[in-house]
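Remarks on the structure that follows.
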Amino acid sequence: MSSTESIPVITVDGPSGSGKGTVALAVARELGWNFLDSGALYRVVGLLSLRNPGVSPADLSQSLDLHFKKAPDGTPQVWLGTEDVSLSIRSEAVSQAASRVAADPAVRAALVQAQRDFRQPPGLVADGRDMGTVIFADAQLKIFLTASVEERARRRHKQLIEKGQSANLDDLLRDIGDRDRRDRERSAAPLRAADDALVIDSTAVDVSSVVQQILSLRERIATG
Ligand code: DC
């Protein structure tokens, strides 16, 4: 076993709006572990591809000057060079662009090591689509979080309105459906639950009980 393989990892995969980002961050905070929001890497490449339409996304993903920081209240921030892109990478336009660039195997390959570098002591909670199937296939605990498309669109709508951004529920339903299809049907690391993942449906369950469920599973594994 290499030194990084002994560092525990919990993977939380699932479609957008399943609540996996919130759940994964809460689990990381409870355990005092590192947190990887792998979608942010694809979102930054998506943002760059909108800004640089003449450059291939694969080239844009080669040398990302990307940094994850924390706001004073502990909220994760994403910086691209000297620019705080935390808000701009969450727009619907960037969400769609991220989903497109994420289907490119060359982009995925360019981002593998940057993601594995997050595996640092005392442990890592990794949020994404292929954390349990590809990037951390040896993780001790794998969660696949789902929710109905309608519930996910409703959550996204609420989030955007709270941020003061405009949002239309029907458009969101269509966009989320399109994105799901692209993420599931792509040939490079399609969205699917790892064979050894525990599938949790969060449609009618609140975030805190999913977090508690994951923490008790982790406890059971740790105490063997
Ligand atoms: O989790 P998210 O919504 O921030 O992800 C943005 C996009 O990136 C989404 O379309 C799926 C893609 N993605 C991926 O292909 N693999 C990951 N590990 C994380 C995200």
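Numbering of ligands and ligand atoms starts at 1, following listing order.
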Looking only at protein heavy atoms, which one is nearest to atom 12 (C) of ligand 1, and how far off is it? A102 CB, 3.8 Å
Is the backbone N or O of A137 less than 3.5 Å from a side-chain atom of K142, with the two atoms forming a donor-acceptor pair by type? yes
Should D130 be counted as touching ligand 1, given the test is an N or O pair under 3.5 Å? yes
Determine whether the side chain, the backbone, both or neither of D183 has a heavy atom under 4.0 Å from any heavy atom of ligand 1. side chain
Would one find an N or O of R108, backbone or side chain, under 3.5 Å from an N or O of ligand 1? yes
Contact partition for R100 relative to ligand 1, non-hydrogen atoms under 4.0 Å: neither
Check whether any side-chain heavy atom of I200 lies under 4.5 Å from a side-chain heavy atom of T146, and answer yes or no. no
Could you verify whether a donor N or O on one side chain and an acceptor N or O on the other, from R108 and Q115, lie under 3.5 Å apart? no
Any atoms of ligand 1 less than 4.0 Å from a non-hydrogen atom of K20? List them with their elements. 1 (O)
Atom 20 (C) of ligand 1: nearest protein contact (heavy atom, Å): G39 CA, 3.5 Å
Any N or O on Y42 sitting closer than 3.5 Å to an N or O of ligand 1? no
Of the side chain and backbone of M131, name the one, both, or neither that has a heavy atom under 4.0 Å from an atom of ligand 1. side chain
Per-atom filter on ligand 1: closer than 4.0 angstrom to a heavy atom of S99 are 10 (O)
Can S99 and R182 be counted as having a side-chain donor-acceptor contact under 3.5 angstrom? yes
Considering only non-hydrogen protein atoms, determine which one is nearest to atom 7 (C) of ligand 1 and report residue, atom name and distance to 0.1 Å. A98 CB, 3.9 Å
Test side chain to side chain donor-acceptor pair (under 3.5 Å) applied to Q113 - qualifying residues, sequence neighbours left out: D117
Which residues share a ring pair (Phe, Tyr, Trp, His ring centres under 6.0 Å) with F118, sequence neighbours left out: F68
With a cut-off of 4.0 Å, which atoms of ligand 1 are near a heavy atom of R179? 10 (O)
Could you state the interatomic distance from CD1 (I89) to CG (D37), rounded to the nearest 0.5 Å? 6.5 Å
Option of least heavy-atom distance to atom 19 (C) of ligand 1 (set: S18, P190, S38): S38
Which residue owns the protein heavy atom closest to atom 6 (C) of ligand 1, what's the atom, and how far is it? R43 NE, 3.7 Å
Could an N or O of ligand 1 be found under 3.5 Å from any N or O of S95, whether backbone or side chain? no
If we only count heavy atoms from C-beta on, is the R116 to F136 side-chain gap below 4.5 Å? yes
Looking at non-hydrogen atoms alone, which of Q115, R182, R129 comes nearest to atom 11 (C) of ligand 1? R129
Exam field: side chain S91 to backbone V94, donor-acceptor pair closer than 3.5 Å: yes
Check: A189 main-chain N/O paired with R186 side-chain donor or acceptor under 3.5 Å: yes
